[in-house]
Amino acid sequence: MTVIIGALLFTLYRQLIIEQQYQVTQSLESETQRYQQLALTVDRRSFAAQIRAADPQTALIAWRDSYDMVGALSFMPEDMPMLPQTRDFPILTGGPDKLHILTGGLVMTRYGPVLIATRTDNLATLIDKFISAAATAVMLTIVLTLAFGYLFSKAILRRLVQYNRLSEQIERGHYNTRLPLSWRQDEFDMLALQFNNVLDILENNLLAVRGATDNIAHDLRTPLSHIRIGLEELASKPSDEISEGCAILTEELDHCLATFDAMLSLTRIEEGQQTLDLQELSLAQLCTDLLDMADAVAESNEQTLSLSLLSDYKVFGDKYLLFQALYNLVDNAMKYSGQGARIEIIQSGPQIQIRDNGPGIPDDSKERVFERLVRLDPSRHLQGTGLGLSMVKAILSRHNAKITLTDNHPGLVVTITF
């Protein structure tokens, strides 16, 4: 700010000097033309009279008539140049300002050289006052800039100290801490908002990890307890029952291993580590294959499974993964809708819907069911890993598809849009 104001004042100063020089030049040129024309049109006596009557406020004219000086000056300075060349020279007056500075030069007329000069010390005084005022303005600007800069830096430092203190709290494990936002909406607020978003994601991930840990402990505790008890009882069982006991324990272990295998597969799909075998697929054909695979299971549960194909749609995707995702959804519908339920598969363009008339899912749990190892309490008694819907969402995300859950009144509607 100080540099800008200084440059502006210097520009004004240069403009003032140029304007002063221009005015002096114009004034001298005008008087030069006037007296040259006057000397050509009047006699010597009238020429002298005109010089005596010249207004000193406009210009100071001096002419040596033989031995006498005529005009506003009592002497002719030596070595005066011919106009348009000029020279400054001082004169003494009887007024309060005894010393005046004049700028002028000689002009040759029919009656000899005439000195034409104009007073320039007033403009010099004005320039001096301007320089003094400019210096005062620059000093005041420097003082104000330093003062406001100090206050501004203190405000910034205060916010940085506050951010540092809050970050230390976060480092100590208080992940619910958030950086404050001010009314300014400045760069610090943008940074704080972004940092708070990162903290929200971090806190949600930590909660998800804790929830997954709790779910793993809950789901695997029962089979591991059965395995431990089974191993203790295995030593006391008759030899003809050992093979049966081993088969039961193996089944329990297979369930535990299936959970971990499903978690690893889910991670590979989410992180993009599993390469997709992309090919052009018909959604109508995919739904037809799905009906052929799941129809026998539905009949064994005394359920009705139907398919409605309205308009076909082609997508590029991994046939195995997409079929796995769709089958998981249909399998969930058959598993949780109950005996005698009605399940519909409707394919229309880029959209596939799976409808059932079972108990459905509460609104506050429709997003939770896509989290890892989340199983609603009524489903805890059923065999499963709690990773089915997480796997479905991961597969659909890799294929740029969306899945939504809505109520069927009664039951659930699963909508997949490619």
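Each residue takes its place number in the sequence, starting with 1.
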What is the distance from atom [atom1] of [X] to atom [atom2] of [Y], rounded to the nearest 0.5 Å?
X: Gln353; Y: Ile345; atom1: CD; atom2: CD1; result: 12.0 Å
X: Gln279; Y: Lys319; atom1: CD; atom2: NZ; result: 6.5 Å
X: Asn332; Y: Lys335; atom1: CG; atom2: NZ; result: 6.0 Å
X: Asn328; Y: Gln324; atom1: CG; atom2: CD; result: 5.5 Å
X: Ile51; Y: Ile116; atom1: CD1; atom2: CD1; result: 8.5 Å
X: Trp63; Y: Tyr35; atom1: CH2; atom2: OH; result: 12.0 Å

CA sep, side-chain torsions, deciding dist, call: Tyr163, Phe195, side chain to side chain contact (heavy atoms under 4.5 Å, CB included): CA-CA 11 Å; Tyr163 287 175; Phe195 193 72; over 6 Å; no
Is there a side-chain contact between [X] and [Y], using heavy atoms and a 4.5 Å cut-off?
X: Val24; Y: Thr86; value: no
X: Tyr327; Y: Val297; value: yes
X: Cys287; Y: Leu309; value: yes
X: Phe89; Y: Met80; value: yes
X: Leu389; Y: Leu329; value: yes
X: Ile416; Y: Leu326; value: yes
X: Asn357; Y: Leu412; value: no
X: Leu60; Y: Leu115; value: no

Qualifying residue, where the test is side-chain contact (heavy atoms from CB on, under 4.5 Å) with Ile403 and the options are Val392, Ile352, Thr415: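 Of the listed options, the one satisfying the test is Val392.
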Main-chain N/O of Lys393 paired to Ser397 side chain as donor or acceptor, under 3.5 Å: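 Flag set: sc Ser397 to bb Lys393 pair under 3.5 Å.
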Main-chain N/O of Lys402 paired to Thr417 side chain as donor or acceptor, under 3.5 Å: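 Not a single qualifying donor-acceptor pair exists.
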Grab the two heavy atoms, one from [X] and one from [Y], that are nearest each other, plus how far apart they are.
X: Ile343; Y: Ser337; answer: CD1-OG, 4.0 Å
X: Val70; Y: Ala48; answer: CG1-O, 3.6 Å
X: Ile61; Y: Ala54; answer: CG1-CB, 4.0 Å
X: Gln162; Y: Pro180; answer: NE2-CG, 3.5 Å
X: Leu231; Y: Leu249; answer: CD2-CD1, 3.7 Å
X: Ser348; Y: Leu310; answer: CB-CD1, 3.7 Å

Over 12 foreign heavy atoms within 6.0 Å of CZ, Arg228: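 Count not over threshold, so no.
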Gln26 CD: over 12 foreign heavy atoms closer than 6.0 Å: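 Yes, enclosed.
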Residue pairs involving residues 398-418 (criterion ring-ring contact (aromatic ring centres under 6.0 Å, His included); sequence neighbours excluded):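 Sorted result for residues 398-418: empty, none.
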Listed once per pair and sorted, the salt bridge (Lys or Arg N to Asp or Glu O under 4.0 Å) pairs that draw on [range], sequence neighbours left out:
range: residues 140-160; answer: Arg159-Asp186, Arg159-Asp189
range: residues 352-361; answer: none
range: residues 24-44; answer: Glu31-Arg34, Arg44-Asp65
range: residues 166-181; answer: Arg178-Asp200, Arg178-Glu203

Evaluation steps, side chain to side chain contact (heavy atoms under 4.5 Å, CB included), between Phe323 and Met293: CA-CA 10 Å; Phe323 185 83; Met293 177 70 71; 3.9 Å; yes
Worked verdict on Asn164 versus Leu160 for side chain to side chain contact (heavy atoms under 4.5 Å, CB included): CA-CA 6 Å; Asn164 186 56; Leu160 290 177; over 6 Å; no
With Ser282 via side chain to side chain contact (heavy atoms under 4.5 Å, CB included) - residues at least two apart: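 Listed in chain order: Ala284, Gln285, Asp312, Lys314.
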Stepwise side chain to side chain contact (heavy atoms under 4.5 Å, CB included) check, Thr109 with Leu40: CA-CA 8 Å; Thr109 68; Leu40 295 175; over 6 Å; no
